[in-house]
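These notes concern the structure reproduced below.
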There are 2 protein chains.
Amino acid sequence: MVGRAPRFDRKDMASAALRLVADRGPQAVTVAAVAKEVGAPTGSIYHRYESREQLLAELWMDVVEGFQAGFVAALAKADDVDGAAGAARFMAQWTREHALEARLLLLHRRQDFVAGDWPAPLAGRAAALEPQLGAALRAFARRAFGRSDAELMARLRYALLDAPFGGLKPYVQAGKPVPRVLDDLVEETVRATLGDLARA
Amino acid sequence: MVGRAPRFDRKDMASAALRLVADRGPQAVTVAAVAKEVGAPTGSIYHRYESREQLLAELWMDVVEGFQAGFVAALAKADDVDGAAGAARFMAQWTREHALEARLLLLHRRQDFVAGDWPAPLAGRAAALEPQLGAALRAFARRAFGRSDAELMARLRYALLDAPFGGLKPYVQAGKPVPRVLDDLVEETVRATLGDLARA
DNA sequence: GCCAATCTAGAATGATGATTCTAGAATGGT
DNA sequence: ACCATTCTAGAATCATCATTCTAGATTGGC
């Protein structure tokens, strides 16, 4: 390996940025702030990343892919309402185990990380995200209920993603631990909104 | 009334700012953008508001108070699980009737409107918000269930506010109408998470 | 020991946007 | 008609960043 030994790498910068997002939001991720956090001059940030936009976009993508991979894996094992409840609880568990990432995912919007189009190197991964999630939900719907009409899909998104998301948010926002009762609430929501369909 | 007749008032500016928030987010509410939207020079904005921060803080406060007043009123009429379901549906209904305000409330965070402390003139209203909501929930808990312990309060917040909030968000985000099924989901959530308590 | 390649350092540059300032216009009481 | 008062107009300031640029340091292969 020819050339001066690097003192800072992308990982250092990305994790500094994640820390900044978690405690002061994406708008606090200025190039100067990341540089300071890492202990590097601003120029070095640009040696690793095209632009601030690219750094933020990559950070968001890594976190979201990480979450989604776990969620999709949990859902892949499910084939009935019990399995769905497990997938729903996944989000609460993931939040407990990934405090910083959870703050990024639950408290901020994608558009605060990626303003317009995705930077070219990420476009492919970005385009795959929603289809992967949709496919996992649809496949589960077919396995568990034998159908995947629009209303059922709306129910699944609500019970497995949106309601848990909403329930978690206040705790994550306040920086408080997610209480056990939330796992129960999420599970009760799944059973209440998907339970009848198994018979129907 | 002595003095030149005004051509722009706070209302014009606030509603221009609301429109900007709803379609491009709070960071798009620059003083220049508001001025342009209203058709005024930037100086005139400062004739009505201390600062951009004050304009945004006041906008957020007006919207949130508007929502909360309706919600608290709906909850005040409730004294059992059916009443709670009505209060929960209030949010979906309010979202349908206040498209712009809903985008502000559901898609953005308070901290994007008010960075640090509240501007002095709003501090009082800000301080009253959470206690008013807490009191309304606690009073309902006592009426409906005869108790108001921490777990029950967590359940109420989830069922009446956080879960509906989470369920609504994707539609509001996408600018799509909130489907009927969401009202059902919200109601089913309330019954599932609060229903048993009535007997206990 | 010399060189291309890879990095650190940190000072310029430029753009964006909030805020302030200077002029001038309209109003209505006197 | 005159004046204090209330506003509009829009140019000038200032601060905050992102980004670019110039220097210089290291490294390992030759």
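Just so you know, these numbers use all the heavy atoms, side chains as well, and skip hydrogens, waters and symmetry mates. So that the names make sense, note that chain A is the first sequence line, chain B the second, and so on, each numbered from 1. On a predicted model such as this, the values are computed, not experimentally measured, just so you know.
Atom-to-atom, NE2 of B/His47 to P of D/dT5 comes out at 13 Å; the value is rounded to the nearest Å. A/Leu56 has its CG atom 12 Å from the C1' atom of D/dA18, to the nearest Å. Computed from coordinates, the B/Tyr46 OH to C/dT20 P distance equals 7 Å when rounded to whole Å. The distance from atom CG of A/Leu20 to atom P of D/dC17 is 12 Å, rounded to the nearest whole Å. The CG-P distance, from B/Asp9 to D/dT6, rounds to 16 Å in whole Å. Atom pair B/Tyr49:OH and C/dG17:P shows a separation of 20 Å (rounding to whole Å applied). A straight line from CZ of B/Arg52 to P of C/dT19 spans 8 Å, rounded to a whole angstrom. The distance from atom CD1 of B/Ile45 to atom C1' of C/dT19 is 13 Å, rounded to the nearest whole Å.
Remark: B/Ser44 is in phosphate contact with D/dT8, judged by side-chain N or O atoms under 4.0 Å from OP1 or OP2.
Using cut-offs of 30° and 60° for the angle between ring planes, the A/Phe67 and A/Phe90 rings count as tilted.
Here CE of B/Met153 is found 10.0 Å from CZ of B/Phe140. Values are rounded to the nearest 0.5 Å.
Counting only heavy atoms from C-beta on, A/Ser51 has its side chain closest to D/dT19 among D/dC7, D/dT19, C/dT8. Distances were taken from every side-chain heavy atom of B/Arg7 (C-beta onward) to each of D/dT19, D/dT8, C/dC7; the shortest belongs to D/dT8. The side chain of B/Pro41 lies closest to D/dT8, out of D/dT8, C/dA18, C/dA9. Counting only heavy atoms from C-beta on, B/Thr30 has its side chain closest to C/dG17 among C/dG17, C/dT19, D/dT19.
Side-chain N/O atoms of B/Gln68 and B/Gln132 include a donor and acceptor closer than 3.5 Å. Looking at A/Tyr158 and B/Thr189, their side chains do bring a donor and an acceptor atom within 3.5 Å of each other.
Looking only at distances, a side-chain donor or acceptor of A/Asp12 sits under 3.5 Å from a matching main-chain atom of A/Asp9.
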*Decide yes or no on salt bridge (Lys or Arg N to Asp or Glu O under 4.0 Å) for A/Asp62 and A/Arg125, but give the supporting numbers first.*
CA-CA 10 Å; A/Asp62 287 346; A/Arg125 290 162 69 188; 2.8 Å; yes
*Could you go through the salt bridge (Lys or Arg N to Asp or Glu O under 4.0 Å) check for A/Arg48 and A/Glu58 one step at a time?*
CA-CA 12 Å; A/Arg48 299 292 175 189; A/Glu58 204 164 304; over 6 Å; no
Taking only nitrogen or oxygen atoms into account, show me every contact under 3.5 Å that the protein makes with nucleotides 24-27 of chain C, one pair per line with its distance.
unit_1: C/dG24; atom_1: N2; unit_2: B/Arg4; atom_2: NH1; d: 3.2
unit_1: C/dA26; atom_1: N3; unit_2: B/Arg4; atom_2: N; d: 3.4
unit_1: C/dT27; atom_1: O4'; unit_2: B/Gly3; atom_2: O; d: 2.7
unit_1: C/dT27; atom_1: O2; unit_2: B/Gly3; atom_2: N; d: 3.1

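Comparing A/Arg48 and A/Thr42, the nucleotide of DNA chain C nearest to each residue sits closer to the 5' end for A/Arg48. Toward the 5' end of DNA chain D, the nearer of the two residues A/Val29 and B/Gly39, judged by each one's closest nucleotide, is B/Gly39.
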